[in-house]
Amino acid sequence: MAVDSPLSSPLGPPACEKDAKALQFIEEMTRNAESVQQRVLAEILSRNAQTEYLTRFQLNGATDRETFKSKLPVITYEDLQPEIHRIANGDRSAILSAHPISELLTSSGTSAGERKLMPTIKEELDRRQLLYSLLMPVMNLLGQRQGPIFLFVKSETRTPGGLLARPVLTSYYKSDHFKTRPYDPYNVYTSPNEAILCPDSFQSMYTQMLCGLLDRHQVLRLGAVFASGLLRAIRFLQLNWRQLAHDMETGSLNLKITDPLLRECIVKTLKPNPELAQFVRHECSKDDWEGIIVRIWPNTKYLDVIVTGAMAQYIPTLDYYSGGLPLACTMYASSECYFGLNLNPMCKPSEVSYTIMPNMAYFEFFPHEPNLDSTGFDFTCELPPKLVDLVDVEVGKEYELVITTYAGLCRYRVGDILRVTGFHNSAPQFHFVRRKNVLLSIDSDKTDEAELQTAVENASHLLREHNASVVEYTSHADTKTIPGHYVVYWELLVKDSTNSPDNDTLEQCCLAMEESLNSVYRQGRVADNSIGPLEIRVVKNGTFEELMDYAISRGASINQYKVPRCVNFTPIMELLDSRVVSAHFSPALPHWSPERSQ
C-alpha cells in the first residue's frame, strides 16, 4: 500500500514511510549534484591530505577543484601498480588512504594477465549498502518481489601482506551488511544465506535451485547479477532436474551436498512433495524449453539481471526461456566504486540509463571520440581534451568515466565508455556503451586485441611441426551455447598437404590459447564453469579475401581495410561459418589457481 507522505517522490508513490525518505534522499542528492560533488571532493582531499600519494603532488592541504585539477594527473591502473603492490605486500603506511586498507577487491579487468587489485576501506561497505538501500525503494515501486536471485561467492585469497583479495560482491555477501540485512520486500530471496555463501559452486547452485522450485508459486522475479549467470542456472536445471525431482519426491537431500551448515539448513525445510516432483519431471522432460521460466515459475513478473554492455548478447536467449518477460537492470557498479541506479528499471534494455549518485565519489568525464587513441588523447589537437565535471556533460555525447574515491583512487580512469541520455534533476543519466578496448567477453572475462593476438601466436607455434602457419584470424563470442565460449576462425597456410595439422594438434592449439588468456578467463573456465571450451574453426583458403571483398562492397576503403579481430555482424558470421572445414575444441581445462602469480 503506497503511503500519502509529505516526503512523496516524483519517482512515484512510495510503498512506506521508510521508502519515502530514501526516495526523497535521491531527489535531494540529484537536485544538488554540483554542491554535493564539491563537498565530496573536499572531504576526500581533506581526509587524505597527508597520504603519500597526495603529498607527492604538493596540494598543501588544498581542497578546491581548481588546485586538484591543475596538480593531479589522470591515471590508469598501471600508474598506480607500484603503490598497490606495496599495500598487497604489507606496507600499512598511509600510501593512498588515511584510513587503513581493509582488503583488496579483485577486478574483472586485468593487468599483465592478472586481476587488478583495488584497495578499499571499511566505510566503503557502508557506501555500497547505502546504494542498495536506495535501490530497494525504487524496486518496491513495482510491488513486493520475492524470488530466486542466484547469487554466488567466488574464490578469495590473501596477499603476501595478509590482506584478503576477493571480488567486490563476495566481499559484500560475506559482510554483516548482507548477512544481517534488515527485512525489505526486494531483499526477500528464496535462497538462505547458507546457500549463497557456500563456496562450492555446485552445492550453492543446487540448493538455490531446489529452494526456488519448492517456492515456485511465491516467485515473482527471477534473476542473477549478470544475464550469463541466470542462463547458467537454466542450464543447471536442464542437467540436474532428475535429481532435484528425486529430492522433492522423497524429502531427502542429494548426498553431494556435503557442506554441513548448508545441509542442515536445507534438510530442516525439505519435505516430501511427490506432486511438485511430478510437475518438474513433466515440464523438464520436454524437448522444447521455450518459456520454461514462466512454466516453472508462473507468477514471475520480470527478470532481474544486467543486460547492458557485453551482456546484451544474451537478451534473445533470455527472451526464449522466459517467453519475453521484461528485463530489469537496476544498478551500475564496479570494484572501484558503486556509481548509480536505474530509476526506471522496467524500461527496455536498449533504453537503460543509470543516474549517477553524486555522493558516491567525485566524478569526471573524458570526452570520447572515435579518433582518440588508447591514451585517450586526440593527437590531431594541440592540447588534450579537458575533463568535464558531472553536471557539465552534454546529452548525446560519449565519455570515459574518471573517479576520485574515499579509498584513495585519484583521477582514476575506470575504462567504461558512457553515453549521456538525459538528466534526473541536475544529475546526468548514462547508457553504458562498452568497456574500453574489450574484444571478447562471455561472463566477467574481458579479453582485448593484444591478448588475443598473443594467444594466437603462442598456439600457432604448435603448427610448426606440420610446416603450417596461421594466415589470418578473427573471433566471436558464441553465446548460443550455455555457457558461452570463444570461437576463433583460422585460415591456415599448409605447405605440405600430406602433413596437415590433425585434430589432436588443433585441439592442443585451443588449449594453448586458453593457457595464454588472462586469469579471469581461466577462472571462468576452471572454477566458475561460466565459460565453455575455446573452439577453433578452420576455414577454407581465401575466406578472408572474401571477407575483405564483402567489406569493400559495403563501402570500406581497400587502402584502409583491416581484418576485424572480432565479428558479430550476421552476414559476416554466415559467410565465415559457410567456409568452415573443421572445428576443434579445447580438450582440457587450462591451469588456474586462486593464488596470484608473484
Side-chain angles (χ1 to χ4, degrees), residues 25 28-30 32-57 59 61-65 67-69 71-75 77 79-80 83-84 86-88 91-107 116-134 163-169 171-172 175-177 331-341 356-365 387 389-390 401-414 416 427:
F25 180 81
E28 291 174 0
M29 289 295 104
T30 56
N32 302 299
E34 171 66 5
S35 60
V36 172
Q37 279 283 276
Q38 290 186 27
R39 173 179 59 79
V40 166
L41 180 61
E43 287 176 357
I44 292 171
L45 296 180
S46 176
R47 69 157 59 177
N48 292 332
Q50 302 306 313
T51 60
E52 179 184 316
Y53 187 80
L54 287 185
T55 302
R56 185 183 307 165
F57 297 103
L59 264 68
T63 61
D64 63 284
R65 184 181 288 170
T67 305
F68 168 76
K69 291 193 173 194
K71 293 198 171 186
L72 265 71
V74 178
I75 61 170
Y77 181 80
D79 297 320
L80 213 55
E83 287 79 11
I84 292 175
R86 285 171 54 198
I87 294 169
D91 191 333
R92 296 294 181 262
S93 59
I95 299 174
L96 300 176
S97 171
H99 287 214
I101 300 300
S102 56
E103 60 184 326
L104 293 167
L105 301 176
T106 55
S107 168
K116 295 177 182 178
L117 296 174
M118 296 297 164
T120 191
I121 56 179
K122 281 188 177 179
E123 74 170 50
E124 281 297 311
L125 271 172
D126 297 330
R127 205 163 278 110
R128 292 176 208 130
Q129 180 59 38
L130 171 63
L131 202 62
Y132 283 118
S133 73
L134 299 177
L163 285 173
L164 272 174
R166 56 190 179 182
V168 63
L169 288 176
S171 170
Y172 177 66
S175 73
D176 288 338
H177 290 75
M331 182 183 290
Y332 174 35
S334 76
S335 301
E336 295 90 340
C337 179
Y338 277 33
F339 305 119
L341 304 169
I356 299 292
M357 291 300 296
N359 57 310
M360 299 303 292
Y362 181 70
F363 300 102
E364 298 175 272
F365 299 87
L387 269 68
D389 290 320
L390 180 69
L401 180 60
V402 177
I403 59 171
T404 297
T405 69
Y406 286 89
L409 297 178
C410 288
R411 308 197 87 186
Y412 177 87
R413 297 176 67 167
V414 175
D416 289 355

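Computed from a prediction, not measured in an experiment: that's the story for all the values here. Atom set for the values below is all heavy atoms of this structure, side chains included, hydrogens, waters and symmetry mates excluded.
Within 6.0 Å of the NZ atom in K71, the count of heavy atoms belonging to other residues, nucleotides or ligands exceeds 12.
Shown here are the side chain to side chain donor-acceptor pair (under 3.5 Å) partners of D79, two or more places apart in sequence or in another chain: T76. With sequence neighbours excluded, the residues forming a side chain to side chain donor-acceptor pair (under 3.5 Å) with H177 are D126, listed by chain and number. Under the side-chain contact (heavy atoms from CB on, under 4.5 Å) criterion, Q38 pairs with E34, R65, sequence neighbours left out. K69 is linked by a salt bridge (Lys or Arg N to Asp or Glu O under 4.0 Å) to E364, D389, counting only residues two or more places apart in sequence or in another chain. For F25, the ring pair (Phe, Tyr, Trp, His ring centres under 6.0 Å) test picks out no residue, with sequence neighbours left out. With sequence neighbours left out, T67 forms a side chain to side chain donor-acceptor pair (under 3.5 Å) with D64. The salt bridge (Lys or Arg N to Asp or Glu O under 4.0 Å) search around E123 returns R47, R127, not counting sequence neighbours. Residues satisfying the ring pair (Phe, Tyr, Trp, His ring centres under 6.0 Å) test with F339, not counting sequence neighbours, are Y332. The side chain to side chain donor-acceptor pair (under 3.5 Å) test applied to Y53 returns no partner, not counting sequence neighbours. Here S335 pairs with L105, S107, M118, V168 under the side-chain contact (heavy atoms from CB on, under 4.5 Å) rule; sequence neighbours left out. Qualifying salt bridge (Lys or Arg N to Asp or Glu O under 4.0 Å) partners for E28, counting only residues two or more places apart in sequence or in other chains: none.
With hydrogens and angles left out, the side-chain atoms of S93 and E52 include no donor and acceptor closer than 3.5 Å. Residues Y172 and Q129 have side chains that bring a donor and an acceptor to within less than 3.5 angstrom of each other.
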Yes or no on side-chain contact (heavy atoms from CB on, under 4.5 Å) for T120 and T405, after CA distance, side-chain angles and deciding distance?
CA-CA 9 Å; T120 191; T405 69; over 6 Å; no
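Listed for the T404 side chain is a donor-acceptor partner under 3.5 Å among the backbone atoms of R411.
Using a 4.5 Å heavy-atom cutoff, the side chains of F365 and V402 are not in contact.
Contact between L54 and N48 at its shortest, heavy atoms only, is CD1-O, 3.2 Å. Nearest heavy atom pair, residue I44 against residue Y362, reads CD1-N, 4.4 Å. The minimum heavy-atom distance linking L104 with I87 is given by the pair CD2-CG2, 4.3 Å. For the residue pair K122 and S102, the shortest heavy atom distance occurs at N-OG, 3.5 Å.
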